[in-house]
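Reading through the structure tokens given below for one structure.
Just so you know, residue 1 is the first one in the sequence shown, and it goes up from there.
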Amino acid sequence: KKNKMMSSQVQNVWEDEKNSKGGDTEVSSLANSILNFGGRRSTFEDAADEEAASLISTGKRKKTGDRATFMTLVKAFVGPAHIYLAKGFADGGVIVSVVALFLCAMGNAYCVSLLIETKLKLKIANFSELGEAIYGRPAKILVDISLVGSQLGLVTMYFIFVASSMKDAIAQLAGCEHWATEIPLGIMIAIQVVLQLPLSWLRNIRNISFFAIIADVFILSAMMYVVVKNSYTVATSSNNATPSVLESKFPMFFGTAVLTFEGIGLMMPIHGEMKNPEKFIPLLWAAIMMCCTLFAVFALTGYISRGGDSVNTNLLLAMPEDENLSQVAKIFYSAAVTLTFPLQAFPAYQIIESSLRIDKAQTWTINAARSLTVIFLGLVALAGSSNLGNFVSLLGGVTMCPLAFVFPALFHYKAVAETRTQEYIDLSIGVCGILFILLTTGMTVYEWIDGSSDSFTICDTTPLEHVSPGVFSPHGN
């Protein structure tokens, strides 16, 4: 039977442990890994406040209002991962996948509320510290592994996305000439590695936070174009695909859906920077349901208008190749992903450096560690590029599902829950989350071993007579 005084005891033990270690103890976690501002140790709350401040003003730090908080929440959830939802619909069945997407969004919002309640109860505003206070050092390690895995997994996915988009764009510009279609994807990934190496050496998040603002504008602009274009195609075309109900690969869709809501690591610090923190939960529900609706429309119209069950994992590769705005959308998405990479990888760099006990004064040691990390991610991207859909599903299932569902529910169960009903709810969410991790991972690995590939370009799916001569083509004008 649980001790009802557990939460207060946890808080006392945690405070004693921190005092025994000293107030300036380095904590290797995402929520405490953003580098110094002006010489003081920073927290992830600083990063959240930087994003909010970038939306409403510049200059002096201040608590964020309701409108700025809502915009920051939307920014946290809108990332490039929604591009892969259309393929997820094809794998899982459209009707069931739409329902599952909304259930995933609601479950995500509910689990964030559990996480915030646990944070307020124990007065610990750090994800991995929260785990250590409740379950001990192993929980902290598990949270850190999930945080590092999710951050580095996302940027690895960025490598694959930009590489496939670049290859497709070159093939189109070359009029599907043989030399263009045969360019190895590894070359495209290597180009990105070279571009990201010097950006990984930046020390201050202020130097790269501006990139994220530009990236957000690019993503939202391109996203709205794709939605409008595909909606128009659905309304005017007679060759639309018929939505399926349920497919055998449905468990794989769960991993893709969880990955779509990638902002879980920002929730606690965003809450901590609010003027009116009591309004956080209603704002969270409004933001996540708005994003979920937009994602569903994006994926559904893309699925129906761009090939149905044979839709490309990267939906942008299925957009009309003869329209300039389609090419602009691809450029915007690729530019956004490239600009987002340094900021997305920054916390992971800090966790790795802290784990390796690298002193901040060792400039070239830090540069070498970050360079090796980027090169390693490039190699992982090359290995996973043959089947991007499986890579996305595996990433969501293994790294994002624990952060979004398992950890918040189990933390709340032990530290906060007082009634049997709440305990059962928390345990049910935690157990179901673990089962989904195992099921999604198992099916994804099986599909990967099975040898299927989803890497193809517009030249593979469009008859050559419909491909206009490219500017690089010797037969072009």
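- You'll find the side chain of Phe341 stays beyond 4.5 Å of the side chain of Leu199, heavy atoms only.
- Minimum interatomic distance between Leu395 and Gly149 (heavy atoms only, all atoms of both residues): CD1-O, 3.8 Å.
- The shortest side-chain heavy-atom distance between Pro282 and Trp285 does not fall under the 4.5 Å cut-off.
- Minimum interatomic distance between Ala125 and Lys119 (heavy atoms only, all atoms of both residues): CB-CE, 3.7 Å.
- Residues Val99 and Val96 form no side-chain contact, since every pair of their non-hydrogen atoms from C-beta on lies 4.5 Å or further apart.
- Remark: Phe218 engages Phe332 in a ring pair (Phe, Tyr, Trp, His ring centres under 6.0 Å) (not counting sequence neighbours).
- For Ser371, the side chain to side chain donor-acceptor pair (under 3.5 Å) test picks out Trp201, with sequence neighbours left out.
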Tell me which donor-acceptor pairs under 3.5 Å the side chains of residues 184-192 have, and how far apart each pair is, sequence neighbours excluded?
residue	atom	partner	partner atom	Å
Gln192	NE2	Phe159	O	2.9
Gln192	NE2	Met188	O	3.4

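- Residues His271 and Val112 form no side-chain contact, since every pair of their non-hydrogen atoms from C-beta on lies 4.5 Å or further apart.
- For Phe295, the ring pair (Phe, Tyr, Trp, His ring centres under 6.0 Å) partners at least two apart in sequence or on another chain are His82, Phe261.
- With contacts defined as side-chain heavy-atom distances shorter than 4.5 Å, the pair Ile288/Leu73 does not qualify.
- The shortest distance between side-chain heavy atoms of Ser334 and Phe161 falls below 4.5 Å.
- For the residue pair Pro402 and Pro408, the shortest heavy atom distance occurs at O-CD, 3.8 Å.
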- Take Asp66 and Met274 through the test side chain to side chain contact (heavy atoms under 4.5 Å, CB included) and record every step on the way to the result. CA-CA 7 Å; Asp66 297 346; Met274 289 188 66; 4.1 Å; yes
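- The main-chain N or O of Val94 is never found under 3.5 Å from a side-chain atom of Ser97 such that the two would form a donor-acceptor pair.
- A tilted orientation is assigned to the rings of Phe89 and Phe253, their planes being inclined by 30° to 60°.
- For the pair Gln196 (side chain) and Ile375 (backbone), a donor-acceptor distance under 3.5 Å is absent.
- Between the CG atom in Leu300 and the OG atom in Ser231 there is a gap of 9.0 Å [rounded to 0.5 Å].
- Checked by atom type and distance alone, the side chain of Asn276 never pairs as donor or acceptor with a backbone atom of Glu278 at under 3.5 Å.
- Under the side chain to side chain contact (heavy atoms under 4.5 Å, CB included) criterion, Val380 pairs with Thr156, Phe376, Phe391, not counting sequence neighbours.
- Between Ile429 and His412 there is no side-chain heavy-atom pair separated by less than 4.5 Å.
- When the side chain to side chain contact (heavy atoms under 4.5 Å, CB included) test is applied to Leu142, the partners found at least two apart in sequence or on another chain are Phe407.
- For the residue pair Val258 and Cys401, the shortest heavy atom distance occurs at CG1-N, 3.7 Å.
- Looking at heavy atoms from C-beta onward, Tyr333 lies in side-chain contact with Met223 at the 4.5 angstrom threshold.
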